[in-house]
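Worksheet: the structure to be examined is printed underneath.
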Protein chains: 2
Amino acid sequence: MSESRAGSGGQGRVGGNLTWQAVRAEAIRRIREREWMPGSRIPDEAELAAELGCARATVNRALRDLAAEGYLERRRKGGTRVPETPVRKATFEIAVIRQDVEARGHRHGYRLLGDETGAAPDEIASALGLPKGTPLRHVRALHLADDAPFCLEIRWLNPELVPPERAVFDALSANEWLLRNLAYSAGSFGFSARTADAELAALMACPEGAALLAMDRTTFMDAVPITAATLIYREGYRLATTM
Amino acid sequence: MSESRAGSGGQGRVGGNLTWQAVRAEAIRRIREREWMPGSRIPDEAELAAELGCARATVNRALRDLAAEGYLERRRKGGTRVPETPVRKATFEIAVIRQDVEARGHRHGYRLLGDETGAAPDEIASALGLPKGTPLRHVRALHLADDAPFCLEIRWLNPELVPPERAVFDALSANEWLLRNLAYSAGSFGFSARTADAELAALMACPEGAALLAMDRTTFMDAVPITAATLIYREGYRLATTM
DNA sequence: AAGTGGTCTAGACCACAAA
DNA sequence: TTGTGGTCTAGACCACTTG
């Protein structure tokens, strides 16, 4: 999705060569001004290249980028179409919690709450594709921002990949250890809202009944489960990104 | 990033040519196995191309893809590095609410709750970069899934771009009208949790005090504000994606 | 069967930022 | 200044899918 978007001066011609950003901009213009109607097929790459006066590869780069952003749909032999109702894509940056805290101008603190290995709850095991009752390492920790609770980290770990002897989370959080030591290859995550029960309220220093943002993730390395985690953020937390 | 990830049989050689996916896979392997250490610089494109036996453009495509995913950091003249603490990127698909409902196997329903134009609250005006008191169109609507409340849409609209005469939201939601009619070029969005007050509880048919997931967005077309919106989802809603 | 996008190559020039 | 990534070109072959 359109990285630097720099080019020679920004866009347009460079002595006769159109940049892919310029092609992209022209395509967006045509979509926005209904020159290319929703649902209709647009000219193929070779045609556009000839019309715009650039190489087909340049057109390809631009249209591929737009397809990744949801502006276009492309299929071999089927051609390129403007979607009836576009599904726009937005990118989130999943940073380490410590960095998140520091980026907000706070001092990061960390407290390990618990770390034991035992049979995983059924829902966790199934989310990781493991048989019921598989032993997993269960870690709970609290991240602080200027000494105030910021994020509760609740996690189940594959003990074979993250053995208690090798990976100690007294000072460095599992969140950070994993990101540094295990490059995951696949996974999923989601957002939901959760009501603070008495225990949560005590931990997060918020009123019982408060609404907290929860983010859950599962990650795998080549189909081998690494971890299932839930991160519960302090009251009022907002996770944001730009498009 | 990394679209189809197909290639000739998946990856690897095609009679002597490495695909960019194969180069990508090899790079990930070297990162994961610490052949390329975190923080260190990796060989430049020309070197890798020679080593792997492919064109530099192929290496470029692979490494550019990895950089977009957060696996690598690239800078001109600075070379390509493995980040100390990677910031992984994940992509969300922002679909029309109706499609979201239907994708979950429900029948979508819609009820317009209100539509008036008046001075915007200060916080809304400032989020859109408008002077205090700018008149905006204020629309509220409820989306239903099988007749049960699914999502409350609260929105402020730029009346010049979305005039009440031209854009009527009796049957088609503003959500869908906008996506169909105004391609936005920039914006931001965020997630947070919100407690249901009495009014919200009544609208969403949930207990007062329930935790609801809220998503807020602002969108612009070439720096011209289009809309600021808050979508409040039913209790228990989870917005998910994969990486 | 054939059309369209997906990708590779080899060579070239340029922009940017580090040395 | 100069090394490294960013991009363009022209030509080629291939893969997927639709007719």
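Computed over heavy atoms, backbone and side chain alike; hydrogens, waters and symmetry mates excluded. Convention: sequence-line order gives letters A, B, ...; per-chain numbering from 1.
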Could you tell me whether the phosphate oxygens of [N], OP1 or OP2, come under 4.0 Å of any side-chain nitrogen or oxygen in [X]?
X	N	answer
B/Asn60	D/dG5	no
B/Thr58	C/dT7	no
A/Arg76	D/dT18	no
B/Arg64	D/dG6	no
A/Thr80	C/dG5	yes
A/Gln21	D/dT7	yes

Report the distance from atom [atom1] of [X] to atom [atom2] of [N], rounded to the nearest whole Å.
X	N	atom1	atom2	result
B/Leu72	D/dT4	CG	P	16 Å
A/Asp65	C/dG6	CG	P	12 Å
A/Arg74	C/dG5	CZ	C1'	6 Å
A/Trp20	C/dG6	CH2	P	15 Å
A/Arg81	D/dT18	CZ	C1'	11 Å
A/Glu73	C/dG5	CD	C1'	14 Å
B/Lys77	C/dA18	NZ	C1'	5 Å
A/Ile42	C/dT4	CD1	C1'	12 Å

Original post:
Going by atom types alone, do A/Thr219 and A/Thr227 pair a side-chain donor with an acceptor below 3.5 Å?
Top reply: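 Short answer, no.
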
Subject >> Between A/Gln99 and B/Thr85: side-chain donor-acceptor atoms closer than 3.5 Å >> reply: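 There is such a pair between these side chains.
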
**OP:** Sequence neighbours left out, what passes side chain to side chain donor-acceptor pair (under 3.5 Å) with A/Ser126? Give chain and number order.
**Re:**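 Residues passing side chain to side chain donor-acceptor pair (under 3.5 Å) with A/Ser126: none at all.
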
Subject >> Residues which pass side chain to side chain donor-acceptor pair (under 3.5 Å) with B/Arg56, listed by chain and number, not counting sequence neighbours >> reply: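 B/Arg56 satisfies side chain to side chain donor-acceptor pair (under 3.5 Å) with B/Glu45 only.
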
Are any protein N/O atoms closer than 3.5 Å to N/O atoms in nucleotides 10-12 of chain D? If there are, list each pair with its distance.
from: D/dA12; atom 1: N6; to: A/Arg56; atom 2: NH2; distance (Å): 3.0

Subject >> Qualifying ring-ring contact (aromatic ring centres under 6.0 Å, His included) pairs with a residue from residues 62-103 of chain A, counting only residues at least two apart or across chains >> reply: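 For residues 62-103 of chain A: A/Phe92-A/Phe191, A/Phe92-B/Phe92, A/Phe92-B/Phe189, A/Phe92-B/Phe191.
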
Subject >> Sugar-phosphate only, base, or nothing, as touched by B/Arg41 at under 4.0 Å among non-hydrogen atoms >> reply: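 The residue B/Arg41 makes sugar-phosphate contact but no base contact.
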
**OP:** Just jot down the salt bridge (Lys or Arg N to Asp or Glu O under 4.0 Å) partners of B/Glu102, sequence neighbours excluded, or say none.
**Re:**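 B/Glu102 satisfies salt bridge (Lys or Arg N to Asp or Glu O under 4.0 Å) with B/Arg98 once adjacent residues are dropped.
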
**OP:** Would you please name every residue forming a ring-ring contact (aromatic ring centres under 6.0 Å, His included) with A/Tyr237, sequence neighbours left out?
**Re:**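 ring-ring contact (aromatic ring centres under 6.0 Å, His included) list for A/Tyr237, sorted by chain: A/Phe150, A/Tyr233.
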
